Amino acid sequence: MNMRRAEITGWGKYVPEKVLTNDDLSKIVDTTDEWIVARTGIKERRVRSATDTTTTMAVAASHDAMRVAGLTAADIDLIVVANSSPDYLLPAPANFIQHELGATCPALTIAAGCSGWVYALVTGDQFIQTGAYKCILVIGVELISYALDYTDRGTCILFGDGAAAVVIQPSQTDAGVMSFELGSDGGQAYNLWVPGGGTANPLSQKVIDQREHYIRMNGQEVFKFAVRKLTSCLNNITTQAGMSVSDLDLVIPHQANLRIIETAARSLNLPMDKFFVNLHKYGNTSAASIPLALVEAIEEGRLKAGDVTGMVAFGSGLSWAGAVMRMGAKVGAVNAAPVEAAALL
Ligand code: UT7
């Protein structure tokens with residue numbers, strides 16, 4: 001079998017227009033801009049406006065990605081969507097997104113919290129490597145504000161809404177996914193979860209009154225897990241790719257908390273300028289976090305053809321996922337200025 005790596009040939013993003021600043025939050029919960037910036041690095045985040053849904057955000061990002069790749073919906077063989085904030089409990093978001101894009105291909109959803117998009121990328125890569133599919137849309141989208149308890153200052157300050165998508169296709173060169181690690185530690189599930197609204201604790205007045213339909217988090221435990229996994233996963237995937245962490249041109253860490261990234265950077269002995277950071281603008285967009293950072297790294301010229309990036313995500317599960325990827329000829333060769341999605345509809 002002629003195994004080909006999957007390389008990125010298109011990319012796009014969408015963030016809601018509405019900005020929620022730290023000062024805005026300080027009017028809702030007992031917090032301050034100083035505390036949030038010092039403890040997380042986050043300055044503002046985007047939150048949905050009335051017209052934004054998980055589907056519309058994913059579709060807007062996907063249109064940009066397909067435009068950059070020079071493809072239409074008819075060319076897409078598979079859509080993989082990483083998401084844990086669906087428009088409806090059934091069917092899964094991938095089906096709505098497929099329909100709105102006008103695609104006829106299979107579509108599947110991966111719910112792995114903030115690690116979801118790297119899981120989705122690795123899943124897509126397998127289909128490319130076997131030759132089963134040639135053109136895959138890998139989307140990370142999260143409308144997480146709907147699941148936030150805006151009376152809980154420990155969680156509501158952290159997250160934001162957003163979407164990003166890439167097209168992957170078989171590489172003719174050595175570009176593409178070079179190594180990966182996927183992980184799950186379900187023993188820590190209750191450190192980051194939504195207690196109510198599922199089959200174990202169905203939606204009821206009691207669930208709503210006790211605010212169990214919102215995200216609950218043990219921040220300190222997740223913080224420790226995140227630092228450990230960011231460090232060990234980056235070491236593991238670079239070793240597997242036959243290189244060392246310092247050989248990476250750019251590290252794209254999950255955009256959860258600047259202190260997590262700084263602590264990992266110190267223990268990896270890497271300068272902070274090796275890490276791409278955009279969490280000050282968007283907060284933690286969960287499954288959209290890594291692709292949103294990847295797309296902005298490409299748009300800003302931080303990643304060019306031939307460059308190698310190490311991406312590591314962590315989050316609810318608790319789960320983690322990392323991949324090393326070399327950028328193909330398309331990256332850096334295209335004017336990536338995004339076209340208004342509306343113009344394509
Ligand atoms: O994708 C994965 C998603 N999750 C994460 O990445 C979360 C990882 N964890 C974190 O980022 C941090 O644990 C937080 C930012 C959530 C919290 O920071 P921390 O430095 O671990 O604070 P803490 O939980 O130890 O709380 C310290 C103090 C507490 O007050 P007392 O008990 O010392 O009086 C909290 O009540 O800070 C208080 N606090 C706040 N104060 C002002 C917690 N949240 C806030 C807030 N504003 N927003």
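Predicted, not measured: the structure shown is a model, and the values here were computed from it. Ligands are counted one by one from 1 in listed order, and the atoms in each one are counted from 1 as well.
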Checklist entry - Measuring from the heavy atoms of Ile260, does anything fall under 4.0 Å of ligand 1? => result yes
Next on the checklist: Among Glu34, Gln220, Gln255, Lys224, which one puts a heavy atom closest to atom 23 (P) of ligand 1?
Outcome noted: Gln220
Item to check | Proximity of Trp35 to ligand 1 by residue part, where a heavy atom lies under 4.0 Å | outcome: side chain
Item to check | Residue part near ligand 1, for Thr155, under 4.0 Å between non-hydrogen atoms | outcome: neither
Next on the checklist: Measuring centre to centre across the rings, with the benzene-like ring taken for any Trp, is Tyr150 within less than 6.0 Å of Tyr214?
Outcome noted: no
Next on the checklist: Please list the nearest protein heavy atom to atom 29 (C) of ligand 1 with its residue and the distance rounded to 0.1 Å.
Outcome noted: Arg153 NH2, 4.6 Å
Next on the checklist: Side chain or backbone, does Gly219 bring an N or O within less than 3.5 Å of an N or O on ligand 1?
Outcome noted: yes
Item to check | Side-chain touch Val37/Ile42, heavy atoms, less than 4.5 angstrom | outcome: no
Item to check | Any non-hydrogen protein atom less than 4.0 Å away from atom 8 (C) of ligand 1 | outcome: yes
Item to check | Proximal ligand 1 atoms for His254, defined as those under 4.0 Å from one of its heavy atoms | outcome: 1 (O)
Checklist entry - Which ligand 1 atoms does Met217 reach within 4.0 Å, using its non-hydrogen atoms? => result 4 (N), 7 (C), 16 (C)
Checklist entry - Quick one: do Arg326 and Glu7 make a salt bridge, cutoff under 4.0 Å? => result no
Item to check | Nearest-neighbour protein heavy atom for atom 14 (C) of ligand 1, which is reported as residue plus atom name and distance | outcome: Asn257 ND2, 4.6 Å
Checklist entry - Among protein heavy atoms, which lies nearest atom 18 (O) of ligand 1, and at what distance? => result Arg259 NH2, 3.6 Å
Item to check | Per atom 16 (C) of ligand 1, closest listed option by heavy atom (Gly154, Ala226, Ala287) | outcome: Gly154
Item to check | Distance from atom 5 (C) of ligand 1 to nearest protein heavy atom, with residue and atom | outcome: Val222 CG1, 3.6 Å
Next on the checklist: I'd like to know if Arg153 and Asp30 make a salt bridge, using a cut-off of under 4.0 Å between side-chain N and carboxylate O.
Outcome noted: yes
Checklist entry - Does the distance from a Lys or Arg side-chain N to an Asp or Glu carboxylate O, for Glu44 and Lys281, drop under 4.0 Å? => result no
Checklist entry - Stepwise, does the side-chain hydrogen bond (donor to acceptor under 3.5 Å, both in side chains) test hold for Thr21 with Asp23? => result CA-CA 5 Å; Thr21 65; Asp23 284 334; 5.2 Å; no
Next on the checklist: Salt bridge check, Lys224 against Glu221: does any charged N sit closer than 4.0 Å to a carboxylate O?
Outcome noted: yes
Next on the checklist: Testing Val118, Ile237, Asn235, Val122 one by one against Glu181 for a side chain to side chain contact (heavy atoms under 4.5 Å, CB included), which residue passes?
Outcome noted: Ile237
Next on the checklist: Measuring only between side-chain heavy atoms, which start at C-beta, is Asn284 closer than 4.5 Å to Asn257?
Outcome noted: no
Item to check | Distance filter under 4.0 Å to Thr40 heavy atoms, resulting ligand 1 atoms | outcome: 15 (C)
Item to check | Atoms in ligand 1 with a heavy atom of Cys114 nearer than 4.0 Å | outcome: 1 (O)
Item to check | Under-4.0 Å salt bridge between Arg48 and Asp161 | outcome: no
Next on the checklist: With heavy-atom distances below 4.0 Å as the criterion, list the atoms of ligand 1 near Asn284.
Outcome noted: 1 (O), 2 (C), 3 (C)
Checklist outcome for this item: Near Arg39 (heavy-atom distance under 4.0 Å), the atoms of ligand 1 are 19 (P), 20 (O), 22 (O), 27 (C)
Item to check | For atom 6 (O) of ligand 1, closest protein heavy-atom neighbour | outcome: Ala256 CB, 3.4 Å
Checklist entry - Taking atom types as modelled and ignoring hydrogens, do the side chains of Glu142 and Ser85 form a donor-acceptor contact shorter than 3.5 angstrom? => result yes
Item to check | Numbering as shown, the atoms of ligand 1 that approach Thr31 to under 4.0 Å (heavy-atom distance) | outcome: 42 (C), 46 (C), 47 (N), 48 (N)
